[in-house]
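All chains are named by letter (A, B, ...) in the order of the sequence lines, taking the proteins before the strands, and each is independently numbered beginning at 1. Hydrogens, waters and symmetry mates are skipped; everything else that's a heavy atom, side chains included, is used.
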Amino acid sequence: MHAGLSLQQSPPFSVPARFLVSAPLFGLLAALVMLWHGPEMLSNRWTSELLAVTHFLTLGFLAMSMLGAMMQLMPVLMGMMIPRPVFFSGIIHAALFLGSASLGMAWLLHINALFMIAMASLLFSFSMFIMMAAERLLRTPSRHATRTLMLLALLSLAITAGLGLYLAMSYSDAAFPLARQLTSLHLSWGLLGWVGLLIMAVAYQVIPMFQITNPYPLMLQRWLGWLIFFALITLSLIQIWPLAILKTISHLLLAICLLIFALTTFWLLHTRRRQLPDLTLNFWRLAMVSLALTALIGLSLSVSGMKPPALLLGVLIIHGFAMTTVNGMMYKIMPFLIWLHLSSRNKTLRDNDQRASQIKVPHMRKIIPEAAGLWQFRAHLASLILLLLTALWPQWFFYPATVLFVIAQALLLFNLSSAVRFYRAKLAELASG
Amino acid sequence: MPGEILLDVSELEPPEPLTLTLEAAASLQPGQYLRMLHRREPCMLYGNLDEQHFKYLQCKGTVSAVEVFIWREQDQKAAAVVQSIVDTPI
Ligand code: HEM
């Protein structure tokens with residue numbers, strides 16, 4: 001049976017697709033840079049290779065896919081229309097691509113001019129996106145917690161990017177002093193504010209929708225995100241007004257909020273109504289284990305006052321929590337988009353009385369073969385475990401970890417681009433039919 | 001209730017709730033309405049129903065979280081039945 005389905009507010013396929021396919025390109029680039037440079041790049045927290053890899057992942061993989069997902073989810077979940085979607089997403093994507101690539105390359109090749117290009121492109125891309133998305137979100141009639149959280153996430157992105165640009169000035173111009181005390185704020189706003197709040201915003205909708213679970217408790221939906229935001233504000237104020245106790249309290253608050261989110265999500269998944277095996281479910285579970293571990297380590301550190309093992313926490317939250325979540329979501333978003341666009345093509349044909357040329361739209365689960373996704377999940381999981389071991393014993397585990405990281409990202413890129421090729425082939429079939 | 005077509009999509013994975021509802025709506029006979037049970041507010045459904053000239057009414061469900069009544073725009077009989085169901089206090 002063909003359902004008569006129209007796209008509604010959904011933007012053209014190319015709008016989210018270009019972001020989603022670019023993400024693993026940067027993931028692969030990051031992994032290859034690691035392989036190329038070897039374990040020396042981890043000799044301390046500030047090697048330029050490590051900063052390059054970090055931003056290939058946080059900007060090239062995470063921001064890239066999260067912007068793309070938002071362009072798709074805002075219209076579908078909240079009924080918002082994006083103005084001139086192809087044009088705007090095209091320039092936002094191009095600037096983000098150029099900015100992420102040149103920031104990393106500036107660190108790798110030590111070329112100051114590249115920092116300037118990176119800063120200009122990232123400033124352009126993020127301010128365009130934030131203004132467009134915030135304006136739409138402020139106008140939507142939806143009062144779901146997702147809307148508030150998306151707005152808070154956008155504000156956090158603005159703060160992260162502002163701090164990042166300020167920090168980058170000292171790299172592009174030696175006369176500019178490096179305000180390293182701001183780095184921890186920059187990464188907290190980036191990883192907990194922008195990434196954490198956006199993942200929550202999306203989880204509140206897509207976990208019940210795609211994993212067929214009960215909804216998140218309303219109290220939690222309403223307050224958890226605000227508490228995180230509030231803790232981040234407090235952490236920022238400590239820069240001006242240093243109070244050790246406030247810092248401990250904010251860290252505790254952050255850790256507890258993250259733990260509550262991870263455990264609630266785990267519980268919802270555990271008690272889901274239909275116990276079907278599902279690829280994305282594996283990713284969600286792994287992401288929540290990583291998030292809970294991050295929170296527990298953070299909690300014990302703030303209680304004991306010990307120094308955090310930066311690399312371990314970084315791997316847990318960037319690779320284990322954020323990239324895992326996004327990776328899993330890609331396996332829902334990409335097939336859904338392809339299914340949706342093919343179905344709506346069929347409807348157009350039917351409305352024009354060209355029923356004969358309709359094509360058979362495959363089941364959503366068939367668009368990316370389950371086995372291909374599962375192998376990619378295994379490679380991703382193995383690379384996470386090995387990267388965590390690398391954080392503790394770099395000389396032993398560095399190469400196995402990076403090789404698996406390369407494989408995981410290459411497989412993801414392959415799976416996503418195969419899906420796009422499949423879509424194009426179906427469209428060609430339609431055109432010739 | 002002869003006029004009622006019951007469709008429970010509350011345990012189905014997207015996009016099935018959407019496609020099955022649109023299919024069931026398309027095969028409604030005069031006087032019939034669709035009572036759709038779902039675990040959440042449906043996504044992308046209402047715009048499609050508008051386009052295909054259906055009327056709908058969403059309310060809190062008794063069995064599932066959300067119930068949606070759907071009938072054809074020009075079907076007065078179905079509309080009246082739905083109205084009487086919605087107006088009856090539980
Ligand atoms: C406009 C975009 C951005 C720019 C220009 C930028 C720039 C920078 C710079 C210059 C540093 C080095 C600071 C230092 O040497 O102390 C840094 C560190 C860092 N940034 Fe960004 N950043 C941006 C966006 C982001 C985002 C969105 C995230 C996370 C989601 C992020 C995560 C990090 C992390 C984790 C570090 C610390 C690395 C470490 O501690 O070893 N950045 N960033």
Side-chain angles (χ1 to χ4, degrees), chain A residues 1-10 72-73 75-79 81 142-144 146 204-216 218 268 272-281 332-333 335-344 346-348 350-351 361-365 367, chain B residues 5-30 32-75:
Chain A
M1 272 289 251
H2 297 291
L5 189 72
S6 76
L7 284 175
Q8 303 298 316
Q9 289 89 352
S10 201
Q72 179 63 38
L73 294 176
V76 173
L77 297 179
M78 282 174 279
M81 287 288 251
S142 158
R143 283 295 168 270
H144 197 280
T146 294
Y204 291 167
Q205 298 254 7
V206 301
I207 295 255
M209 178 154 51
F210 280 107
Q211 310 305 138
I212 319 188
T213 69
N214 288 325
Y216 281 83
L218 271 180
L268 288 177
R272 68 195 194 285
R273 301 186 187 184
R274 267 177 84 190
Q275 307 279 330
L276 286 179
D278 178 77
L279 180 60
T280 300
L281 187 66
K332 288 282 182 232
I333 296 184
F336 178 76
L337 285 176
I338 291 177
W339 174 87
L340 178 66
H341 285 273
L342 290 178
S343 302
S344 87
N346 267 348
K347 176 170 190 302
T348 319
R350 195 162 0 150
D351 291 348
V361 180
H363 193 280
M364 225 180 91
R365 281 179 180 263
I367 291 175
Chain B
I5 308 290
L6 188 68
L7 178 68
D8 183 354
V9 297
S10 60
E11 301 205 347
L12 298 183
E13 186 181 1
E16 281 175 347
L18 177 61
T19 53
L20 293 183
T21 307
L22 289 175
E23 276 165 19
S27 48
L28 283 178
Q29 301 298 319
Q32 285 186 327
Y33 62 90
L34 183 65
R35 184 181 204 150
M36 183 262 242
L37 314 182
H38 202 358
R39 62 184 180 280
R40 61 192 312 282
E41 190 167 319
C43 223
M44 302 187 71
L45 176 65
Y46 297 141
N48 274 289
L49 288 175
D50 282 336
E51 256 175 42
Q52 298 174 28
H53 308 289
F54 287 101
K55 290 270 193 197
Y56 47 86
L57 215 146
Q58 177 184 320
C59 46
K60 252 184 136 85
T62 42
V63 203
S64 60
V66 168
E67 278 187 19
V68 185
F69 293 91
I70 300 165
W71 65 98
R72 290 187 189 277
E73 207 170 69
Q74 68 287 28
D75 193 338

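We find the CD1-CG distance between A:Ile207 and A:Leu281 to be 8.5 Å, quoted to the nearest 0.5 Å.
Comparing A:Met209, A:Met364, A:Gln211, A:Gln205 by how many heavy-atom pairs each has under 4.5 Å with chain B, the most go to A:Met209.
No side-chain donor from either of A:Ser142 and A:His144 sits under 3.5 Å from a side-chain acceptor of the other.
Screening residues 37-50 of chain B for salt bridge (Lys or Arg N to Asp or Glu O under 4.0 Å) gives no qualifying pairs among residues at least two apart or on separate chains.
For B:Thr21, no part sits under 4.5 Å from any heavy atom of chain A, backbone or side chain. Within the 4.5 angstrom heavy-atom criterion, only side-chain atoms of A:Asp278, from C-beta onward, approach chain B. Neither the backbone nor the side chain of A:Arg272 comes within less than 4.5 Å of any heavy atom of chain B. Contacts of A:Phe210 with chain B are made by both backbone and side-chain atoms, with heavy-atom separations under 4.5 Å.
When each of B:Arg35, B:Lys60, B:Gln58 is paired with B:Glu67, the side-chain hydrogen bond (donor to acceptor under 3.5 Å, both in side chains) condition holds for B:Arg35 and for no other.
With sequence neighbours excluded, no residue forms a side-chain hydrogen bond (donor to acceptor under 3.5 Å, both in side chains) with B:Lys55.
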